[in-house]
Amino acid sequence: MTNRSRSFRVPDKPSLDGIEAKWVDVWDESGVYRFDRTKSRDEIFSIDTPPPTVSGSLHIGHAFSYTHTDLVARYQRMRGKSVFYPMGWDDNGLPTERRVQNYYGVRCDPSIPYDPDFSPPAKPDPKRQVPVSRRNFIELCERLTAEDEKVFEGVWRRMGLSVDWTHTYATIDDGSRAAAQRAFLRNLARGEAYMAEAPTLWDVTFRTAVAQAELEDRERTGAYHKVAFHRPDGTPVHIETTRPELIPACVALVAHPDDERYQDLFGGTVTSPVFGVEVPVKSHWLAEPDKGSGIAMICTFGDTTDVTWWRELQLETRPIVGWDGRIISDPPPGIGSEAAREAYARLAGATVHTARERMVEMLRESGDLVGEPTPTTRPVKFYEKGDKPLEVVTTRQWYIRNGGRDADVRDRLLARGRELQWHPDHMRSRYEHWVEGLNGDWLISRQRFFGVPFPVWYPLDGDGNPRYDEPIVPDEAALPVDPSSEAPAGYTEEQRGEPGGFTGDPDIMDTWATSSLSPQIAGGWERDEDLFSRVFPMDLRPQGQDIIRTWLFSTVVRADFENGCLPWRTAAISGWILDPDRKKMSKSKGNVVTPIDLLERYSSDAIRYWAASGRLGTDTALDEGQMKVGRRLSIKILNATKFALSVAGEDAADRPEAVTEPLDRSMLAALAEVVEDATAAFEAYDHTRALERAERFFWEFCDDYLELVKARAYEEGTAESASARAALLQALSVIQRLFAPFLPFTAEEVWSWWREGSVHAASWPQAADVRAAAVDGDPAVLEAASAVLRAVRKSKSEAKLSMRAEVERVAVRGKHVARARVAEGDIRAAGRAAALDFEESDAEELSVEVTLPPAAE
RNA sequence: GGGCGCAUAGCUCAGUUGGUCAGAGCAUCCGGCUUACAACCGGAAGGUCACAGGUUCGAGCCCUGUUGCGCCCACCA
């Protein structure tokens, strides 16, 4: 910096009002957050931004965690990195489907042909949803999500996210679909993806398969029913079950191999009540002697334990629950007798719930229900978005290997978890426990409509049956494809569904199968290899702790298979937002707070301040008090800057060499420590600490340093005055840059009053530079001077005097009076002391004696 | 049943390798229009650091156990 005089553009009445709109526009026009793709990998910091679900509404939790990411982005940008900070929109999947159905009053019927002229009903009637083709449905999804995205973008900009808005993607756009299909085809070619017909957790409402990661347990009431099976000699064997309706699906009984009570039964058979089906009695270590009667019935399939037993004991299959959650009409194998068929007919077509009631009636009639059912509550598995218990249904599905069945894959993925840097570190254990606890591969197919279709067709044999083991795949160059509306190479559309022709795979991929590729999608994998080589693997994955098992894990899986590396170096995990009653905020609880109202009441920077005060991985309460504090800090920065600039004056030397006074150098020395701490904190992803250091320094700077030096600075033409003025400018510049990541609007506003360009393009302050400016400055000098000033203020306050009341005499004693003495003139002026004496003593602590003038009457 | 995390002033939280570490802000109370800021400023009062042991010259800090809260996982008949 030169010593030329500058012009200050300080408003008369600084205010936060309207600064968001003002700077959002300026930033957009100047492109200050634009990613510079000419930089090399080591000059780039790349972020795998979480794509928010646009069909959901924004809530304050988004503002919280996205601010954390923005803090890092802004810090790295000021450190000189070209920051790759894209934004994705997750518009793929069930939430969008539901919203589109309600919004437009339509429902998807894949059997209907595409109508290019379709327009949705003017007045949606939720009771009479208009059936539309899959392609029409998807077009509506795209139309609505485009509108939702605009709303989201507006809020993000208003929040001050320094996203490069020229780099956006949507999880349903062509690029994402092509990437998801390409990755899948490569998984398929390498044997990492496969199709299997197997018992699958099934949501009967959405009529789709569900993956392990999407399960949750809910407490449900039920009842134990004590039911008699019969030995060949007619004597009963009592089992207890909460699902008597599955008795026709029973394929065996099972007890623990060591259970004395059932030794004579193992290897033999019993017959089921009502149906009289003969089933074997088996032993298995999973059966628990102290549960119920110690012997359980195995059905196909009541729960996942049944699946385990069925597989390991190689039992028969007697499915009775259909895709719609009702008892299927035809009885399963084994139900042969006339009486059994009649009994089954009473259940056929009923819901599981109704079937249970009817089964209990029949058990009562046959005398096989012992006593009355005993009420109980037990955890039942649900799809996290569903509202009926999951059933287990045998279906044909696509899977991707994830270590759930291969020890070597699991070990490799565990090693990836250890390779990744976690903030906070203990989040790593969630990953490890999840991977260690996997009990099957990743089920990626969903029987839904709005999503990425599997890029696969199947040839039909002469009878029109699909040959699933000979899938037809497209050329990668043709991606994305929609097998439901495009014919595979070598076929024509007329051959669809015809014997000897083909059929398209009807399913779509789970939304995580696409979002697990977010680093590849955003980074230009196979689309823009130059970009990809500069940003991948990415530096940072920020995300919530709840989706470690889904998004984080699946992204690691895909990158490991496709790229042979971690998708990013570091994962930063945000905590929950709790409402003021410390309950987790979630839509289902109805305690969600939208950010717009808060943004308007407190300003964006105030919300960011609150968000920045929450540490990574730590749950944080929604605290308007903190927002008030943030607002106050912002206003203080405006006012203090205005004051400091007016005191310094446009002719002040903006040169470190002009800082000559011990107090001024002391202040800069203290500031150098703050810069050092804040920098170290940011490097360790500890933004809270960086903020706390900057903030504490700033308040002391205002309360003490500004008060101490203002009189001296006001002098004209002295070296001492020039020193204060130069120090003020040096400090302002550093302080404003320290706050820039946290309070981007406020920092930009005050920076613009006296500097050219954006503070967000300025360089992060270097502790070494500040220390060099401080020369021999000793932080203890400012501390000592402040201590004396505080003592004076305390005396005045206790005497109920105004702060500008004159003081007769101030006497300072202690071993280190010299520290205060070098600021003698400043202390006297700030304290309005007529006399100021220093006396050296042995006391380590500085003591201050204040003599006030006799009370004026 | 297993795991992870948390427990410090009325509230929200700092306390980095054990040695002025008992702190900040809010709220409360007292005082002050002080020419940057009254949407402001100054000051005060507030805590057996969940509990019980242990290690140590010395423990919010390390170890063990207990209790309470939150979350995750689990094969839940």
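In what follows, every heavy atom counts, from backbone to side chain, and hydrogens, waters and symmetry copies are set aside. Protein chains get the first letters and strands the later ones, always in sequence-line order, with residue 1 at the start of each.
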Novice: Is it true that Lys815(A) and Asp842(A) make a salt bridge, defined as a side-chain N closer than 4.0 Å to a carboxylate O?
Specialist: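 A salt bridge is absent here (no side-chain N lies under 4.0 Å from a carboxylate O).
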Novice: How far does the C1' atom of rG1(B) sit from the matching atom of rG60(B), given to the nearest Å?
Specialist: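 Going atom to atom, C1' in each nucleotide, I get 32 Å.
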Novice: Nearest 0.5 Å, please: how far is NZ in Lys642(A) from CG in Asp12(A)?
Specialist: 6.0 Å
Novice: If you look at every strand shown and take non-hydrogen atoms under 4.0 Å, does Asp703(A) touch a base, only sugar-phosphate, or nothing?
Specialist: sugar-phosphate
Novice: Taking any heavy-atom pair under 4.0 Å as a contact, classify Gln545(A): base, sugar-phosphate, or nothing.
Specialist: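 Answer is nothing: Gln545(A) stays at 4.0 Å or more from every strand.
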Novice: Using a cut-off of 4.0 Å on non-hydrogen atoms, how would the nucleic acid contact of Arg790(A) be classed: base, sugar-phosphate, or nothing?
Specialist: sugar-phosphate
Novice: Would you list the protein and nucleotides 61-65 of chain B atom pairs, both N or O, that sit under 3.5 Å from each other?
Specialist:
none

Novice: Taking the P atom of each, how far is rC30(B) from rC71(B), in whole Å?
Specialist: 42 Å
Novice: Are any side-chain N or O atoms of Arg378(A) and backbone N or O atoms of Thr221(A), one a donor and one an acceptor, separated by less than 3.5 Å?
Specialist: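 Yes; at least one donor-acceptor contact below 3.5 Å.
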Novice: Between rA38(B) atom C1' and Ile635(A) atom CD1, what is the distance in whole Å?
Specialist: 12 Å
Novice: Provide, to the nearest angstrom, the distance between the CH2 atom belonging to Trp434(A) and the C1' atom belonging to rC72(B).
Specialist: 10 Å
Novice: Can you check the distance between rA59(B) and rG18(B), where both ends of the measurement are the P atom (answer in whole Å)?
Specialist: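 Result for the P pair: 13 Å, nearest Å.
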Novice: Listed by chain and number, what are the salt bridge (charged side-chain N to carboxylate O under 4.0 Å, His left out) partners of Glu700(A), not counting sequence neighbours?
Specialist: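 Listed in chain order: nothing, the list is empty.
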Novice: Applying a 4.0 Å non-hydrogen cut-off, can you work out what Ala287(A) is touching in the nucleic acid: base, sugar-phosphate, or nothing?
Specialist: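 Since a base atom lies under 4.0 Å of Ala287(A), the category is base.
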Novice: Tell me: CG of Leu706(A) to C1' of rG42(B), nearest whole Å?
Specialist: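 Nearest whole value for this atom pair: 16 Å.
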Novice: Determine, step by step, whether Phe64(A) and Trp576(A) satisfy the ring-ring contact (aromatic ring centres under 6.0 Å, His included) criterion, reporting the C-alpha distance in whole Å, the side-chain angles of both residues, the deciding distance to 0.1 Å, and the verdict.
Specialist: CA-CA 9 Å; Phe64(A) 179 72; Trp576(A) 298 116; over 10 Å; no
Novice: Of Val254(A) and Ser646(A), whose closest RNA chain B nucleotide lies nearer the 5' terminus?
Specialist: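 The residue whose closest nucleotide sits nearer the 5' end is Ser646(A).
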Novice: Choosing from rC41(B), rC75(B), rA74(B), which nucleotide comes nearest the side chain of Asp217(A)?
Specialist: rA74(B)
Novice: Does Arg378(A) make a side-chain N or O approach to OP1 or OP2 of rC76(B) shorter than 4.0 Å?
Specialist: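 No, because none of the side-chain N or O atoms of Arg378(A) sits under 4.0 Å from OP1 or OP2 of rC76(B).
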Novice: At 4.0 Å (heavy atoms only), tell me whether Trp285(A) reaches a base, stays on the sugar-phosphate, or touches nothing.
Specialist: nothing
Novice: Do the charged groups of Glu391(A) and Arg243(A) touch, with an N to O distance under 4.0 Å?
Specialist: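 A salt bridge links Glu391(A) with Arg243(A).
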Novice: Side chain of Ser797(A), base of rG42(B): donor and acceptor closer than 3.5 Å?
Specialist: yes
Novice: So what's the dot-bracket for RNA chain B: Watson-Crick or G-U pairs under 3.5 Å, [ ] if a pair crosses, | if it pairs off-strand?
Specialist: (((((((..((((.....[...)))).(((((.......))))).....(((((..]....))))))))))))....
Novice: Side chain of Gln212(A), heavy atoms from C-beta onward: which of rA74(B), rA36(B), rC75(B) has the nearest atom to it?
Specialist: rA74(B)
Novice: Without decimals, in angstroms, what is the distance between Arg804(A) CZ and rG43(B) P?
Specialist: 18 Å
Novice: Salt bridge or not for Asp704(A) and Arg793(A), using N-O below 4.0 Å?
Specialist: yes
Novice: Side chain of Ala621(A), heavy atoms from C-beta onward: which of rU12(B), rA39(B), rC75(B) has the nearest atom to it?
Specialist: rU12(B)
Novice: Sequence neighbours left out, what passes side chain to side chain donor-acceptor pair (under 3.5 Å) with Asp826(A)? Give chain and number order.
Specialist: Arg712(A)
Novice: Are any of Tyr609(A)'s side-chain N or O atoms less than 4.0 Å away from OP1 or OP2 of rU12(B)?
Specialist: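 Answer is no, no contact under 4.0 Å.
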Novice: Taking the six-membered ring for Trp, are Phe553(A) and Trp442(A) closer than 6.0 Å centroid to centroid?
Specialist: no
Novice: Base, sugar-phosphate, or nothing for Tyr602(A), non-hydrogen atoms under 4.0 angstrom?
Specialist: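 Counting heavy atoms under 4.0 Å across all strands, no contact is made by Tyr602(A).
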Novice: Rounded to whole angstroms, how far apart are CG on Leu801(A) and C1' on rC41(B)?
Specialist: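 Atom-to-atom, Leu801(A) to rC41(B), this comes out as 15 Å.
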Novice: Output all residues satisfying salt bridge (charged side-chain N to carboxylate O under 4.0 Å, His left out) with Asp368(A), sequence neighbours left out; order by chain, then residue number.
Specialist: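 Result, salt bridge (charged side-chain N to carboxylate O under 4.0 Å, His left out) vs Asp368(A): none returned.
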Novice: Quick check on RNA chain B: between Ala640(A) and Arg793(A), whose nearest nucleotide comes earlier from the 5' end?
Specialist: Ala640(A)
Novice: Using 0.5 Å steps for rounding, measure from the CG atom of Leu313(A) to the CH2 atom of Trp309(A).
Specialist: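 Here the interatomic distance stands at 9.0 Å.
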Novice: Say we look at rC76(B) and rA7(B): how far apart would their C1' atoms be, to the nearest angstrom?
Specialist: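 Nearest-Å result for rC76(B) against rA7(B) at atom C1': 31 Å.
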Novice: Atom CG of Leu638(A) to atom P of rC40(B): distance rounded to whole Å?
Specialist: 13 Å
Novice: Phosphate oxygens OP1/OP2 of rU34(B): is one of them under 4.0 Å from a side-chain N or O of Lys796(A)?
Specialist: no
Novice: Over all strands shown, is Met803(A) touching base, sugar-phosphate only, or nothing at heavy-atom distances under 4.0 angstrom?
Specialist: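 Base, at least one base atom sits under 4.0 Å.
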Novice: Using the six-membered ring wherever Trp is involved, compare the ring planes of Phe701(A) and Phe698(A) and label them parallel, tilted or perpendicular (cut-offs 30° and 60°).
Specialist: parallel
Novice: Say you pick atom P in rC63(B) and the same atom in rG47(B); how far apart are they, in whole Å?
Specialist: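 Taking atom P in both rC63(B) and rG47(B), they lie 29 Å apart.
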Novice: Determine, step by step, whether Asp619(A) and Gln545(A) satisfy the side-chain contact (heavy atoms from CB on, under 4.5 Å) criterion, reporting the C-alpha distance in whole Å, the side-chain angles of both residues, the deciding distance to 0.1 Å, and the verdict.
Specialist: CA-CA 10 Å; Asp619(A) 295 347; Gln545(A) 56 190 315; 3.4 Å; yes
Novice: How would you list all residue pairs meeting salt bridge (Lys or Arg N to Asp or Glu O under 4.0 Å) that involve residues 422-437 of chain A, not counting sequence neighbours?
Specialist: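 Matches after skipping sequence neighbours: Asp425(A)-Arg428(A).
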Novice: At a heavy-atom distance below 4.0 Å, what parts of residues 307-315 of chain A sit against RNA chain B?
Specialist: none
Novice: Could you tell me which residues satisfy salt bridge (charged side-chain N to carboxylate O under 4.0 Å, His left out) with Glu849(A), sequence neighbours excluded, listed by chain and number?
Specialist: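 If we apply the salt bridge (charged side-chain N to carboxylate O under 4.0 Å, His left out) test to Glu849(A), skipping adjacent residues, the hits are Arg813(A).
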Novice: Between rG3(B), rA36(B), rG70(B), which nucleotide gets closest to the side-chain atoms of Phe643(A)?
Specialist: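 That would be rA36(B).
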Novice: In the 5'-to-3' direction, what one-character label does each nucleotide of nucleotides 15-26 of chain B receive under the scheme B = base within less than 4.0 Å of a protein heavy atom, S = sugar-phosphate only, - = no such atom?
Specialist: SB---B----SS
Novice: In whole angstroms, how far is the C1' atom of rC71(B) from the CE atom of Met427(A)?
Specialist: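 The distance from CE of Met427(A) to C1' of rC71(B) comes to 9 Å, rounded to the nearest Å.
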Novice: May I ask you to verify if any side-chain N or O of Lys800(A) is less than 4.0 angstrom from the OP1 or OP2 atom of rG42(B)?
Specialist: no
Novice: Just the atom pairs and distances: protein N or O near nucleotides 44-47 of chain B's N or O, under 3.5 Å.
Specialist:
unit_1, atom_1, unit_2, atom_2, d
rA44(B), OP1, Lys794(A), NZ, 3.3

Novice: With sequence neighbours left out, write down each residue that passes ring pair (Phe, Tyr, Trp, His ring centres under 6.0 Å) with Phe682(A), or none if nothing qualifies.
Specialist: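 Counting only residues at least two positions away or on another chain, Phe682(A) forms a ring pair (Phe, Tyr, Trp, His ring centres under 6.0 Å) with Tyr75(A), Phe742(A), Trp764(A).
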Novice: Rounding to a whole Å, what distance do you find between Lys642(A):NZ and rC40(B):C1'?
Specialist: 14 Å
Novice: Suppose we screen for salt bridge (charged side-chain N to carboxylate O under 4.0 Å, His left out). Which residues come up paired with Lys282(A), at least two apart in sequence or across chains?
Specialist: none
